[in-house]
Each structure stands twice: as structure tokens, then as C-alpha cells.
Amino acid sequence: MASAGDQQPERQTRPAAAECDPIQPGPAVWEQTDLLSLVATLEQAVPPEQPAPAAGLPDPRAPGEAAAGPPQEPTTPSDQPASTESDLLQSAQPQAAASPAPEPAPAPQAPAPVALPAPPAAEPVQLPSFVAGGGQPRCPQRLLILDTETTGLDPEHHSCIELGAVLFDVPHRAVLSQVSFLIPCQSNPAEAVNGIPAAVSRLPQPWRSGLVCFEAMLEAADVVLAHNAAFDRQWFGRGELPAIRKPWLCSMEDLRWPAERNLRATPSVRDLALAYGVPVWAAHRALTDCIYLAQVFERCADLEALLQAGLEPRQLYRARLSYEERHKAREAGFRWNEPVSGAWSRRLSEREAALLPFPVVPVPSEGAGLRRSA
């Protein structure tokens with residue numbers, strides 16, 4: 001066993017081994033001691049900042065106590081002397097005079113309206129135009145096919161009870177839009193013909209909206225077409241129906257249907273439909289007849305040529321034939337006693353009048369009667 005004297009040299013040789021120890025407390029303690037000393041010195045040199053008394057409350061410190069040092073420990077309510085009511089009132093009055101009255105809060109203002117950007121202006125729709133100038137007329141691009149049902153034959157004493165219309169595109173052979181509506185009336189003497197009771201026409205229905213739609217379709221059309229147009233056109237510009245100032249075309253008198261269809265010179269809508277393979281399921285309703293004509297036009301390969309020839313300027317001619325030759329006038333589409341009383345007459349272009357196998361003479365407009373049939 002080694003003695004105490006033998007162990008002392010070992011303690012002196014320990015610093016060499018201490019160099020391998022990662023923990024060296026000596027320098028860390030020195031730095032901490034210096035930092036604490038510096039903090040203590042600063043605390044002595046700079047006194048702590050005294051908190052300011054709360055606004056509106058008396059300062060509990062004495063007048064010379066604010067700069068002397070930290071405030072005294074707050075006392076409990078039991079340590080403070082009780083204040084009388086008069087003392088509280090006297091101390092509150094100077095404070096109320098010293099403190100300014102609070103300004104009223106501004107009234108909330110409504111937020112300024114946000115200016116939204118204006119929507120871009122809609123570009124006008126370019127509709128196809130039809131100009132009937134000199135020479136060969138242009139083929140219309142859009143037809144407004146219309147038909148009316150009326151309470152009688154005389155527009156001076158009767159009225160239109162139903163209007164139907166179809167906007168038809170000629171190049172595409174397509175129906176673009178259609179509308180039909182009843183117009184209220186008090187009586188319908190022609191109910192046995194068209195089957196529309198007057199009471200039904202007075203039932204609530206948006207007929208005025210239908211009339212607005214019709215006017216928009218009229219604006220988009222180049223030509224107005226009707227079967228027996230002379231009868232239908234006399235109802236417009238009267239009562240609720242607007243006046244029409246666009247060219248009219250009659251599918252009964254103005255169009256020369258192909259001979260291979262074996263039609264009369266002035267065929268009915270039913271005859272036209274059956275000749276072109278269109279099934280007939282009803283009659284004497286305005287929209288039904290318009291649909292028949294539209295479906296005939298869909299099947300008509302030479303429709304453009306028919307329309308162009310039909311738009312040639314026409315006037316009324318009277319046939320100059322003997323009684324024995326009356327069959328010639330009938331075969332050419334002339335009608336007896338209508339519209340000219342006591343004569344065979346028909347509306348023709350100059351070209352068509354020159355091709356007839358019998359002589360004709362033009363009839364002045366005042367010589368034509370107003371008799372028409374629905």
C-alpha cells in the first residue's frame with residue numbers, strides 16, 4: 001500500500017491528464033463571475049424606472065419619494081385609513097376638471113360604393129339583308145312564314161284571333177324559331193271553321209309576350225311569306241297586330257311549283273304538303289299551316305329559284321277569253337269573279353303574262369275588289 005507521501009506526487013502529475021477532460025469548469029466560472037459583477041455594477045449606477053401613476057388616480061407616493069427610490073409596498077385596505085364621502089367628492093372634482101371630456105366616437109359611415117367596371121357593349125347582330133333592286137331580285141335568306149285565324153272575312157268588322165309564325169333559314173333549310181298565340185276576343189262567328197271558342201281566347205296566357213317575340217322574328221326576316229297573302233296581310237296594322245313594311249310573298253299565287261308535283265296552279269296548303277310527302281294531321285290552326293309550309297320548303301331542292309321568280313314585280317291581269325275557252329284560264333290559275341267581279345283574273349309578272357297562250361290586259365288597282373277567302 002502506498003503512503004500519503006507516495007500519493008502526493010501523483011496529485012501533482014494530474015494536470016497532464018486533465019488536458020484530456022472535455023469539461024473545464026475553471027474558465028466558465030470566471031466568465032460567470034465577471035458577468036454577475038458587471039450586472040451588479042450597472043444596477044447600482046442606473047436606478048430602476050419608476051412606473052407612472054395610472055391616469056385619473058392619485059399618486060400614492062410622497063412628493064419627494066418619486067426620485068428617491070422604488071415605491072413602497074402597497075398596503076392592504078385594512079392598513080389605510082377610511083375616507084369619508086366628502087373627501088371622495090373633493091378628490092374627484094379636481095380630477096374631473098383636469099381630465100378632458102372624451103370625444104364622441106365618430107358615427108359609422110356607410111362604405112363608399114365600389115364603382116364596378118361597365119360591361120362591354122354588346123356588338124350588334126348582323127342579320128342578312130334583302131334588297132329588292134332593279135333587275136333580277138336576290139334570293140331571300142330568311143323567310144317569316146305566317147298564318148292568321150280570324151273571326152270573319154272583313155277586317156272592318158272582324159278581328160284576328162290567332163297568329164302563328166315560323167322563322168325559316170333558306171340556305172340551311174332549317175326552322176330557327178316559331179311562335180303561336182291567341183288574341184282575346186269577345187265573340188268568334190268563325191268558330192265552326194277554325195274551332196277556337198272566344199272564351200278560350202280570353203283565358204290567361206302570355207299573348208303579349210308572344211307578340212313581342214313575333215316582332216323580333218319579323219325584324220330578323222327578309223321576306224314575309226303566307227299562303228293567300230292577300231288575305232293575311234290586311235289584318236296587320238289593325239288592333240294588336242303591327243304593320244308590316246317588308247316584302248310579301250304568296251306561296252299560293254306567286255310561286256310556280258314544279259309540274260312533276262301535279263299541283264293545281266293555286267294549290268292549297270294541304271295539297272302542297274301531300275305532294276311533298278308531308279303528313280297532314282290537322283287544319284285551320286295558324287301554326288300548323290306554317291309548319292306544313294316549312295316542311296315543304298325543307299324538301300324543295302329548287303327553293304331558291306322558286307323564291308327569286310316569285311319576287312318578280314307583279315300586277316293583276318284579266319284574261320280575254322270567250323266562254324267556250326274559259327278552261328284555259330282555269331288551267332293557268334286564273335280565278336273567276338275573284339278578285340275582279342265577272343272576270344277571270346290573276347297576278348302575274350310581265351314575263352309570265354307574255355308566256356300565256358291567250359291574251360290578257362292589266363287591271364287598274366281600283367278595279368280589283370277586296371273579296372278574299374281564308
Side-chain angles (χ1 to χ4, degrees), residues 130-148 165-170 173 218 221-236 244-273 275-276 289-290 292-319 329-336 338-340 344-356 360 362-363 365 368-374:
F130 172 79
V131 180
Q136 187 70 14
R138 293 176 51 193
C139 179
Q141 301 297 297
R142 291 182 179 178
L143 303 174
L144 182 63
I145 308 170
L146 64 80
D147 187 40
T148 60
V166 170
L167 186 62
F168 185 83
D169 187 86
V170 174
R173 303 292 198 275
L218 176 63
D222 299 324
V223 171
V224 177
L225 183 140
H227 205 75
N228 195 5
F231 175 80
D232 292 297
R233 70 186 301 174
Q234 62 185 341
W235 302 98
F236 289 88
I244 296 179
R245 296 177 176 84
K246 294 199 172 184
W248 282 78
L249 190 60
C250 181
S251 55
M252 183 179 70
E253 291 192 354
D254 296 337
L255 300 187
R256 305 296 179 253
W257 299 98
E260 60 268 19
R261 298 293 174 175
N262 297 318
L263 290 166
R264 296 180 298 171
T266 54
S268 66
V269 175
R270 177 182 177 277
D271 294 340
L272 273 175
Y276 280 86
D289 288 353
C290 295
Y292 290 154
L293 290 174
Q295 293 186 352
V296 167
F297 292 157
E298 290 174 359
R299 293 162 168 79
C300 189
D302 53 349
L303 179 59
E304 287 81 1
L306 286 177
L307 296 176
Q308 278 188 290
L311 287 169
E312 293 178 355
R314 281 175 166 77
Q315 70 176 102
L316 193 63
Y317 286 88
R318 178 172 59 86
R330 186 185 300 109
E331 293 170 357
F334 284 69
R335 284 190 276 185
W336 173 255
E338 186 182 347
V340 180
W344 292 93
S345 60
R346 187 181 184 186
R347 294 176 65 250
L348 301 169
S349 66
E350 292 184 2
R351 178 184 57 83
E352 293 171 337
L355 297 176
L356 290 173
V360 292
V363 177
S365 57
L370 295 177
R371 290 175 48 191
R372 293 289 187 274
S373 63

Straight-line distance of [X] [atom1] to [Y] [atom2], nearest 0.5 Å:
{"X": "Leu225", "Y": "Cys250", "atom1": "CG", "atom2": "SG", "value": "7.5 Å"}
{"X": "Leu144", "Y": "Cys290", "atom1": "CG", "atom2": "SG", "value": "8.0 Å"}
{"X": "Asp254", "Y": "Arg347", "atom1": "CG", "atom2": "CZ", "value": "4.5 Å"}
{"X": "Gln141", "Y": "Asp169", "atom1": "CD", "atom2": "CG", "value": "7.0 Å"}
{"X": "Tyr292", "Y": "Ile145", "atom1": "OH", "atom2": "CD1", "value": "14.0 Å"}
{"X": "Arg346", "Y": "Thr266", "atom1": "CZ", "atom2": "OG1", "value": "6.5 Å"}

Looking at [X], I want to see if its [atom1] is surrounded by more than 12 non-hydrogen atoms of other residues, nucleotides or ligands under 6.0 Å.
{"X": "Arg245", "atom1": "CZ", "value": "no"}
{"X": "Arg256", "atom1": "CZ", "value": "yes"}
{"X": "Glu350", "atom1": "CD", "value": "no"}

What closest approach, in Å, do [X] and [Y] show between heavy atoms, and which atom pair accounts for it?
{"X": "Asp232", "Y": "Ala226", "result": "OD2-CB, 3.6 Å"}
{"X": "Lys246", "Y": "Val224", "result": "CB-CG2, 4.4 Å"}
{"X": "Pro362", "Y": "Tyr317", "result": "N-CD2, 3.7 Å"}
{"X": "Gln295", "Y": "Arg299", "result": "O-NH1, 3.0 Å"}
{"X": "Arg351", "Y": "Ala309", "result": "NH2-CB, 4.2 Å"}
{"X": "Ala301", "Y": "Arg173", "result": "O-NH2, 3.3 Å"}

Per the side chain to side chain contact (heavy atoms under 4.5 Å, CB included) rule, which among Val170, Leu306, Leu303 passes with Phe297?
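Option passing the side chain to side chain contact (heavy atoms under 4.5 Å, CB included) with Phe297: Leu303.
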Only one of His227, Arg335, Arg314 passes side chain to side chain contact (heavy atoms under 4.5 Å, CB included) with Glu253, and that residue is Arg335
_Val223 vs Leu307, test: side chain to side chain contact (heavy atoms under 4.5 Å, CB included). Steps then yes/no._
CA-CA 10 Å; Val223 171; Leu307 296 176; over 6 Å; no
task = Report the C-alpha distance between Leu143 and Leu293 in whole Å, list the side-chain angles of each, state the deciding distance to 0.1 Å, and finish with yes or no for side chain to side chain contact (heavy atoms under 4.5 Å, CB included).
result = CA-CA 11 Å; Leu143 303 174; Leu293 290 174; over 6 Å; no
Q: Decide whether a cation-pi geometry holds between Arg261 and Tyr276; the criteria are a distance under 6.0 Å from NZ or CZ to the six-membered ring centre and an angle within 45° of the ring axis.
A: yes
- Query: Do the side chain of Trp257 and the main chain of Ser251 share a donor and acceptor less than 3.5 angstrom apart?
  - Reply: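 Present.
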field: Exam field: side chain Gln308 to backbone Ala305, donor-acceptor pair closer than 3.5 Å
entry: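 No; judged by distance alone, with no hydrogens or angles, the pair does not exist.
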Check whether any side-chain heavy atom of [X] sits under 4.5 Å from a side-chain heavy atom of [Y], and report yes or no.
{"X": "Trp336", "Y": "Arg330", "answer": "no"}
{"X": "Phe236", "Y": "Leu146", "answer": "yes"}
{"X": "Val360", "Y": "Phe334", "answer": "yes"}

